[in-house]
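Input: a single structure, listed below in structure tokens.
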Amino acid sequence: MKIISALMDTVKRIKILRVCARKSVYGILKLRYKIRGISISTEDNVIAFCAYDGKKYACSPKAVYEYMLKDDRFLDYQFIWIFKNPDEYKTLEKNRNTKIVMHGSKECEQYLHKAKYWIFNFRAVDQWIPNKKQIYIQCWHGTPLKRLGYDITKSNNVMNSISEIQSKYKTDTARFKYILSCCKFVSEKFTSAWQLEKFGKKDAVLEIGYPRNDFLNYYDKKDVYHIKEKLGLNNIDKKIILYAPTWRDNQHDFKNGYVYKSQVDFDYLMDNLKEDYIILFRAHYLVADNFNFEKYSGFMYDVSNYDEINDLYIISDLLITDYSSVFFDYGLLKRPILFYMYDMEEYRDELRGFYIDIDELPGPVVKSEKELVDNLNSIKLDEFNLYEIEAFNKKYNNMNDGRASERLANIIIGNSK
């Protein structure tokens, strides 16, 4: 086993071996996918949903699905949900016309051939290729701060060169019919990141808002209560920080995938904040680590495996992030945001690069734990500058008005006629 593991590590590290291995594997998987679809007809009233490559029940696919369950126009539709751990989500089959399948299984791929609509928020695996009758809707999973796809001009990604990243985006561009956007800025960046004009798909952008953000427009106090109760936080009389850092392209374990090697001094934060705050730590979905915060019990809570980040948004008093897109969505709540960018120069200049200037971020940028604590101690949650966040929302969230799911449902109904 050690020899095999070492061999696989070598293949992953060397580009030419990695590219050849991927082509061979995906060639086999594409052939298998095609064979599994023989004699299966595409049906207009079947919709397949998948979030974060089958890892979660969340984001825009969840929002659209739950909207459709309440919309009588979809009474005769069949809904297929794809999960990597389907047993965890079997309760969804109590909902009308809902079927749960395992990601990559024969049953999954047969249903994918059957479904006219694919509603995903992440790049579908390369072997899943829709036919001419099918409509793949790419919801994506965030407004980008860091550069994507063909816009990446520098990268220290240990698993993919720039050309490999661009190849993945090219594959996705060829497959989807629509990609969702929430504002002019996003429409422009997605058009360039996926090279939509070059590949004849400029009209693929639907500037209708992100369905996942509908909830942030209409949640109520009961939602907050029930979520806190679920997480065991109702009896905690402290302010809640949501700390949601993103992943680093150059932090990768060849056995487990991307990891998160934090440079944050959590001891310092606990010593200086525990009297007034608790921290909900939310790792990026690509990160493989299981975090052990036993040392910080009662102060830090690992909510990385909690499916729906919207729930964590609405129960928190403020957000701390770095380069994650979460701050665009969180801006809708008009609550304080701090940007803890202890490695900003490295991330900006070596890993990805940014789409917007740091000065445009809706909150202060700090680079040390002391700065972070000082800012937290000076924030007055009910008196911070609303003008800044309102101007930010006008530019970046203008279509996130609570009706995106409705708009997408109308488009699907229009295509079904």
Side-chain angles (χ1 to χ4, degrees), residues 29-30 32-141 175-178 180 211-212 214-215 285 305-308 310 404-406 408-417:
L29 294 177
K30 287 174 184 177
R32 186 184 70 177
Y33 178 74
K34 187 174 182 179
I35 291 172
R36 285 176 171 177
I38 293 175
S39 77
I40 296 178
S41 299
T42 299
E43 299 182 15
D44 288 350
N45 64 340
V46 180
I47 304 176
F49 299 89
C50 188
Y52 300 109
D53 199 29
K55 295 178 181 178
K56 296 179 183 293
Y57 174 62
C59 203
S60 290
K62 173 189 174 184
V64 176
Y65 165 70
E66 294 187 350
Y67 180 88
M68 290 176 175
L69 287 175
K70 300 173 185 177
D71 188 333
D72 288 345
R73 295 176 297 175
F74 294 91
L75 282 174
D76 296 327
Y77 279 68
Q78 184 178 18
F79 306 122
I80 312 301
W81 265 98
I82 300 168
F83 293 108
K84 291 192 171 178
N85 296 302
D87 290 343
E88 295 181 14
Y89 301 95
K90 279 294 184 181
T91 55
L92 288 176
E93 292 189 337
K94 295 179 181 179
N95 294 334
R96 170 173 50 83
N97 301 337
T98 300
K99 175 71 176 175
I100 306 301
V101 297
M102 179 178 285
H103 188 290
S105 67
K106 181 178 180 180
E107 182 182 36
C108 163
E109 296 193 341
Q110 287 177 333
Y111 272 114
L112 280 172
H113 282 285
K114 187 177 181 181
K116 179 173 180 177
Y117 303 96
W118 299 358
I119 299 180
F120 298 171
N121 76 334
F122 190 73
R123 280 193 335 102
V125 292
D126 288 356
Q127 66 265 26
W128 293 351
I129 302 175
N131 63 41
K132 293 181 180 180
K133 294 181 180 180
Q134 294 178 302
I135 297 176
Y136 167 21
I137 301 170
Q138 173 57 270
C139 297
W140 206 236
H141 49 271
R175 294 181 295 177
F176 63 67
K177 182 175 177 64
Y178 300 123
L180 303 192
R212 69 169 183 274
D214 291 348
F215 176 72
Y285 65 90
N305 292 324
Y306 190 91
D307 274 11
E308 184 53 78
N310 276 347
S405 295
E406 176 188 352
L408 184 54
N410 291 340
I411 289 169
I412 289 173
I413 289 295
N415 276 291
S416 297
K417 292 179 180 179

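Being a predicted model, the structure only gives us computed values, none of them experimental.
Y65 and F79 have perpendicular rings, their planes meeting at more than 60° on a 0 to 90° scale where under 30° would count as parallel. Ring geometry for W81 against Y57 counts as perpendicular: the plane angle is over 60°, on a 0 to 90° scale with 30° as the lower cut.
Nearest heavy-atom pair across F176 and Q138 is CD2-CB, 3.9 Å. Taking both residues in full, the closest heavy atoms of F49 and P61 are given as CD2-O, 3.5 Å, listed atom of the first, atom of the second, then distance. Nearest heavy-atom pair across K56 and A51 is O-CB, 3.4 Å. The two atoms that bring R175 and A124 nearest to each other are NH2-O, 2.7 Å, heavy atoms only. Residues L112 and W118 approach most closely at O-NE1, 3.1 Å, considering heavy atoms. Of all non-hydrogen atoms in Q78 and K99, the two that sit nearest each other are NE2-CB, 4.3 Å.
Outside the 6.0 Å centre-distance limit, the rings of H103 and F83 are not counted as a close aromatic pair.
Here the straight-line distance linking atom CG of L92 with atom CD1 of I100 works out to 4.5 Å at 0.5 Å rounding. Within the model, atoms CG of D44 and CD1 of I135 stand 9.0 Å from one another, a figure rounded to the nearest 0.5 Å. Interatomic distance, R36 CZ to Y111 OH, rounded to the nearest 0.5 Å: 14.5 Å. To the nearest 0.5 Å, the span separating CD1 on I82 from CD on E107 amounts to 10.5 Å. Atom CD1 of I47 is separated from atom OG1 of T98 by 10.5 Å, given to the nearest 0.5 angstrom. In this structure, CD on E406 lies 11.0 Å from CD1 on I411, to the nearest 0.5 angstrom.
In this structure, the salt bridge (Lys or Arg N to Asp or Glu O under 4.0 Å) partners of R73, at least two apart in sequence or on a different chain, are D71.
With a 4.5 Å cut-off on side-chain heavy atoms, R32 and I35 do not count as touching. By the 4.5 Å heavy-atom criterion applied to side chains, P211 and L180 are counted as neighbours. Side-chain contact between Q127 and K34 is absent, with no heavy atoms from C-beta onward closer than 4.5 Å. Residues Y77 and V46 have side chains not in contact (no heavy-atom distance under 4.5 Å, counting atoms from C-beta outward). At least one side-chain heavy atom of F74 sits less than 4.5 Å from a side-chain heavy atom of I413. For the pair P86 and M102, the minimum side-chain heavy-atom distance is below 4.5 Å. In this structure the side chain of Y136 never reaches within 4.5 angstrom of the side chain of I129, judged on heavy atoms. Using a 4.5 Å heavy-atom cutoff, the side chains of N85 and K55 are not in contact.
Side chain of T42 to main chain of H113: a donor-acceptor pair is present (N/O by atom type, distance under 3.5 Å, no hydrogens or angles). N310 contributes a side-chain N or O that, together with a main-chain N or O of R212, makes up a donor-acceptor pair within less than 3.5 Å. Looking at N121, its side chain does come within 3.5 Å of a backbone N or O of Y52 through a donor-acceptor pair.
Around atom NZ of K177, no more than 12 heavy atoms belonging to other residues, nucleotides or ligands sit under 6.0 Å away. Heavy atoms of other residues, nucleotides or ligands lying less than 6.0 angstrom from CG of N131 number more than 12.
For residues 80-91, the salt bridge (Lys or Arg N to Asp or Glu O under 4.0 Å) pairs, not counting sequence neighbours, are D53-K84, K90-E93. Residue pairs satisfying the salt bridge (Lys or Arg N to Asp or Glu O under 4.0 Å) criterion with at least one member in residues 120-141, sequence neighbours excluded, are listed as follows: R123-D126.
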Subject >> Test log, rule side chain to side chain contact (heavy atoms under 4.5 Å, CB included), inputs K116 and I412 >> reply: CA-CA 10 Å; K116 179 173 180 177; I412 289 173; over 6 Å; no

**OP:** Take S60 and I119 through the side chain to side chain contact (heavy atoms under 4.5 Å, CB included) test and state the conclusion after the steps.
**Re:** CA-CA 8 Å; S60 290; I119 299 180; 6.0 Å; no

**OP:** List the steps, then state whether side chain to side chain contact (heavy atoms under 4.5 Å, CB included) holds for D307 with Y89.
**Re:** CA-CA 11 Å; D307 274 11; Y89 301 95; 2.8 Å; yes

**OP:** Using the side chain to side chain contact (heavy atoms under 4.5 Å, CB included) rule, take E109 and W128 through it: C-alpha gap first, then chi angles, then the decisive distance, then the call.
**Re:** CA-CA 8 Å; E109 296 193 341; W128 293 351; 2.9 Å; yes

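Using a 4.0 Å cut-off between charged nitrogen and carboxylate oxygen, E308 and K62 count as a salt-bridge pair.
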